2 protein chains.
Amino acid sequence: MTRVVRMIQGRWKLPILFRLYADPSMRTSRLRRDLPGISQKMLTQHLRELESDRLIERIDFGEKPPRVEYQLSEAGKGLLPVLIATRNFSASHPA
Amino acid sequence: MTRVVRMIQGRWKLPILFRLYADPSMRTSRLRRDLPGISQKMLTQHLRELESDRLIERIDFGEKPPRVEYQLSEAGKGLLPVLIATRNFSASHPA
DNA sequence: CGGCATCCTTTCTGATACTG
DNA sequence: CAGTATCAGAAAGGATGCCG
């Protein structure tokens, strides 16, 4: 359990996963636009960590200019119930 | 959503909630014993934060020596689906 | 027993500049 | 566009000592 906690720990981990849950495949720039306030650094860093935790997959189209997309891996999709439960809780929870 | 993310952010937040989910009411000392590695400081600090976020309730029995118990609040119980989903994911996820 | 205060270290995050 | 590198500040966490 501690392991899962660590995997989703980080200011933007869940928000990123949420975006990839709402949109199956997202380009880096779009991901960034959809996460107001995130810095270039944290976006990349978190994406790298999520990737090495096998929760997301990075697809490099090898184009020029660069085009890279991210999506939930099969393992990552196992988190959907967590994401959904979190969203539900959030929705039923006025500040 | 950001708000919920912040509420469960912290090395021991989810582990604490998990313990209170497994055992409806827990004494401080027991909570501490059940969370190997947690420091006195972080336990208290996280409990305070969870309390001010209304996820748990603190019951002071006003005894001497002190006896204090913590439990999930009604609002906190709304997190059960999240906890359960997290546990399931964790269980289905070998390192 | 449960908790507070302090100090210190580690980790995290953001800003900025630069690259292919 | 996507990413790396570096630096500095902020925040998180741990150790210790003390109290009612």
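This one's a predicted model, so the numbers in the text were calculated from it and none came from an experiment. The figures here come from the full heavy-atom set of this structure, side chains too, leaving out hydrogens, waters and symmetry mates. First the proteins, then the strands, lettered A, B, ... as listed; each starts at 1.
The shortest distance between the side-chain N/O atoms of B:Arg27 and the OP1/OP2 oxygens of C:dC1 is not below 4.0 Å.
Spacing between atom CD1 of B:Ile16 and atom C1' of C:dG2 amounts to 14 Å, rounded to whole angstrom units. Regarding A:Arg32, its CZ atom lies at a distance of 11 Å from the P atom of D:dA2, rounded to whole Å. Taking atom CG of A:Leu43 as the reference point, atom C1' of D:dA5 lies 17 Å away to the nearest angstrom. Taking atom CG of A:Leu35 as the reference point, atom C1' of C:dT13 lies 15 Å away to the nearest angstrom. Straight-line distance from the NZ atom of A:Lys13 to the P atom of C:dT13: 8 Å, rounded to whole Å. In this structure, CD of A:Glu63 is placed 16 Å from C1' of C:dG20, rounded to the nearest angstrom. Following rounding to the nearest Å, A:Met26 (CE) and D:dA2 (C1') show an atom-to-atom distance of 15 Å.
Relative to the side chain of A:Thr44, the nucleotides D:dG3, C:dG3, C:dC1 differ in distance, and D:dG3 lies closest.
Nucleic acid contact for B:Tyr70: sugar-phosphate only, since backbone atoms but no base atoms lie under 4.0 Å from a heavy atom of the residue. The residue A:Arg30 sits apart from the nucleic acid: no heavy atom pair falls under 4.0 Å. Contact annotation for A:Arg48: backbone-only contact, meaning every heavy-atom pair under 4.0 Å involves sugar-phosphate atoms and none involves a base.
In this structure, B:Arg6 and B:Lys13 approach most closely via the heavy-atom pair O-NZ, 4.3 Å.
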Test side chain to side chain contact (heavy atoms under 4.5 Å, CB included) applied to A:Val82 and A:Leu79, step by step: CA-CA 5 Å; A:Val82 175; A:Leu79 272 177; 3.9 Å; yes
Contact pattern, 5' to 3', of nucleotides 6-20 of chain D - B, S or - by protein heavy atom under 4.0 Å: BB-----BBB----B
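Side chain of B:Gln71 to backbone of B:Leu20: no donor-acceptor contact under 3.5 angstrom is found. Side chain of A:Asp60 to backbone of A:Gly62: a donor-acceptor contact under 3.5 angstrom is found. In this structure a side-chain-to-backbone donor-acceptor pair under 3.5 Å is present from B:Gln9 to A:Gly10.
With sequence neighbours left out, the salt bridge (charged side-chain N to carboxylate O under 4.0 Å, His left out) criterion links A:Arg87 to no other residue.
At most 12 non-hydrogen atoms from other residues, nucleotides or ligands lie less than 6.0 angstrom from CZ of B:Arg54.
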